[in-house]
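Everything below concerns the one structure shown next.
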Amino acid sequence: MAETIKMTPQEEERLINDAYQNLLNGYLSSNHRKKVEIIEKAFKFACEAHKGVRRRSGEPYIMHPITVARIVSQEIGLGSTSICAALLHDVVEDTEYTTEDIEAMFGKKIAQIVDGLTKISGGIFGAHASAQAENFRKLLLTMSDDIRVILIKMADRLHNMRTLQSMPPAKQYKIAGETLYIYAPLAHRLGLFAIKTELENLSFKYEHPEEYKAIEEQIIANTPHNEQLFARFAAPINERLERLGLKFEFKARIKSHYSIWKKMETKHIPFSQVYDYYAARIVFECDNEADEKRICWNIYSEITDLYRLHPDRLRDWISVPKANGYRALHVTLMGSDGNWVEVQIRSRRMDDIAERGFAAHWKYKIGEGEEESELAAWLQTIEDILKNPEPNAIDFLDTIKLNLFASEIVVFTPKGELITLPKDASVLDLAFSLHTELGTHCIAGKINHKLVPISHKLASGDQVEVLTSQSQQPNPEWDKYLVTAKGKTRLRAALRHDRRAVIAKGETMLKQFLADNDVEASSDNINRIVSIERVKSKDELFQMIGNNEIALSPSLIKVFKPASRGLLNRLMNPFGNRNSGNSEPEVVAPEGKIDTKKIYELRTVDGKSNYRIASCCNPIPGDTVIGFVNDKNEVVVHKMDCDEATRLKSSFGGRIVQTHWETKAKKFNVTLNLEGIDRQGILQEIIYLISTNLRRLNISADEGVFHAELEALVDDTDVVTKLCKRLKKVKGVTTAVRVR
């Protein structure tokens, strides 16, 4: 944790005034109309409201709203209204002042924005289950009123992430996980690329400090070599573009630490094999927006004369921009070192909008243009979802994330109307995006006059006609064909009425079945069946029984008989480690409430553990892990980068606890993937190396190449690393990696 800052009153006053002057200077150098008087008034009001209050780091609290206002002004590019709202954004939540007071002093617009920020901030770090998802819903609702609310909220989150070192570790994990889960993809969708990248990097830095440091050191060590490579690559391009008489900047852009790490994890490769970790960017000056497209293609023509072009990696986001307003021409060329280099071609205006998003349009005096229209259409999608939200807030969050992360494709209706959809969208997605009735009665599609099923994935440029029939009814199976949030929401709304009837039928069937077998239909007994069947809720259990997906057989009743206690224990422990041939230690919940502010020691003594292993990611000693305190006061251990852990950090932050492996008194199950060139005797060598630790081995070979998946018992990650190294030394084995 960072040291507390100590200052004299004079030093504090100087610090505050210097920060405010920095904010004011940035605003005065912008293209916005100069309304210094109201900013000065907001600054003095905020200073008085937060007087005597300090942040956890020890600095005066007013430094936070000043810094948020500076980010809003200088890094996002907003004007005086947003600066005032940023300065006042915590006043209503943290002091005695009300929204009415703000309106009386600063007008209706600033008061509305502050009110929106107060609503989405209230209780954002609360311990209530699903509280974060509910706040996210409020956040999206406010977007449709004034986009500045979410832009200021993004600046607030960025400053919180920049000062996260003053927080305890459990809080750091919660806020970092929440940032990766919600704010980074939202920044990406809004076109705030620079903020999105910084949020991802800061989250990565706090969740995986050792990996972050290792990548940082590799980047620094490789910098001289890469600078030489780029200089050789850029020299002939610079010469050609200077001949064209262009005023331009040509520079290398390093992939973010987080992006490099994600690629290493996804591809199971070391840093040295991340060949595309830098890209080149040409940013040219152009006074006339109408000339931008022509100049981009002229530059493309010049550089593809010099270097070999990768034909499948040309991306034209000038003719059809991304939904977040991004415009650029991307081309991938073979570099002088034999590796592919992506070159991004943009005008200065395009570059500003790419880095700072829609707010950059104010710099260029653009009104209700194309980008704003596309954003307005996206906000309409959000409103459509909010009208029929999922009952479960976490499901809602997952649904909306589908759209936040998506890449876009563009298709055409028979009348030539252009529709933007996420990548992998189906005919059914298009039908639901056009109208609920089209979706619920969709039977097929015609793509370029060829008949295709409703599950067919669309590609950019397809002309699509939706075919319907009044006799067609929506089917729960359709959910797997949908990728858009709108499609999933509209399908679930259509199914909801039928679902309620099925749930009621299933509940009646189960209660009658229990009564017939002399078992009380109590809430505890039904919850026990929910756990045994590994379904999410009672409603899902009732629905599956009503649909005859779960059979009401005598085996279900055995778990309630005293003689079956051993079986019951096994059935009631679905989250434990499933080691074949290795008895699972009994989990004993600690007495008393677990203190989430302290490090929780993970122990196994005399066959009893004070923790559970999460089956979704199966962590072992040596993995970076966190603990989640479940309803039974048990600590469930997840890998830090597990998808489920990310959900928990963002939605149940109050239950997250920092953990530490204290003992290795048990063995853990790991799965390894092997690939290589098949030869006689290779299987025996692999088995010999693993010896008694081997628990399962599946191997297949096709045309001289083999793939194997094996399970083994290990003590910790060091054993896994050594085992993989030994396996790679076997002649013919090219890859040996742990399945994450």
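What you are looking at is a predicted structure, and each value in this text was computed from that prediction instead of being measured. Only this structure's heavy atoms are used, side chains among them; waters, hydrogens and symmetry mates stay out.
Residues satisfying the side-chain hydrogen bond (donor to acceptor under 3.5 Å, both in side chains) test with T659, not counting sequence neighbours, are none. Legend: residues meeting ring-ring contact (aromatic ring centres under 6.0 Å, His included) with Y212, ordered by chain and number and at least two apart, are F204, H257. F271 pairs by the ring-ring contact (aromatic ring centres under 6.0 Å, His included) definition with Y277, not counting sequence neighbours. For E285, the salt bridge (charged side-chain N to carboxylate O under 4.0 Å, His left out) partners two or more places apart in sequence, or in a different chain, are R348. For the side-chain hydrogen bond (donor to acceptor under 3.5 Å, both in side chains) test, residues two or more places apart in sequence or in another chain that qualify with D101 are T98. Looking at residues two or more places apart in sequence or on another chain, you find a ring-ring contact (aromatic ring centres under 6.0 Å, His included) between F106 and F45. Looking at residues two or more places apart in sequence or on another chain, you find no salt bridge (charged side-chain N to carboxylate O under 4.0 Å, His left out) involving E216. Y27 pairs by the side-chain hydrogen bond (donor to acceptor under 3.5 Å, both in side chains) definition with nothing, not counting sequence neighbours. Residues meeting the salt bridge (charged side-chain N to carboxylate O under 4.0 Å, His left out) test with E644, sequence neighbours left out: R647. Under the rule for a side-chain hydrogen bond (donor to acceptor under 3.5 Å, both in side chains), S82 has no partner lying at least two apart in sequence or in another chain. Considering only residues two or more places apart in sequence or on other chains, E342 meets the salt bridge (charged side-chain N to carboxylate O under 4.0 Å, His left out) condition with none of them.
Pairing each heavy atom of P65 with each of L87, the nearest pair is CB-O, 3.4 Å.
Of the possible donor and acceptor atoms, none in the side chain of Y326 sits under 3.5 Å from a partner among the backbone N and O of I353. Within the 3.5 Å criterion, the main-chain N or O of M167 finds a donor-acceptor partner in the side chain of Q172. In terms of modelled atom types and a separation under 3.5 Å, the side chain of T67 and the main chain of M63 share a donor-acceptor contact. In this structure, the side chain of K35 does not engage the main chain of G79 through any donor-acceptor pair within 3.5 Å. Judged purely by atom type and a 3.5 angstrom limit, E75 has no side-chain atom pairing as donor or acceptor with the backbone of A155. S29 contributes a side-chain N or O that, together with a main-chain N or O of G26, makes up a donor-acceptor pair within less than 3.5 Å. With hydrogens and angles ignored, the 3.5 Å screen pairs no side-chain donor or acceptor of H188 with any backbone N or O of P185.
Applying the salt bridge (charged side-chain N to carboxylate O under 4.0 Å, His left out) test to pairs two or more places apart or on separate chains, those with a residue in residues 8-28 are E12-R54.
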Applying side-chain hydrogen bond (donor to acceptor under 3.5 Å, both in side chains), run through T163 and S166 and close with a yes or a no. CA-CA 6 Å; T163 56; S166 61; 5.4 Å; no
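Exactly one residue among L158, L164, N160 makes a side chain to side chain contact (heavy atoms under 4.5 Å, CB included) with R162. That residue is L158.
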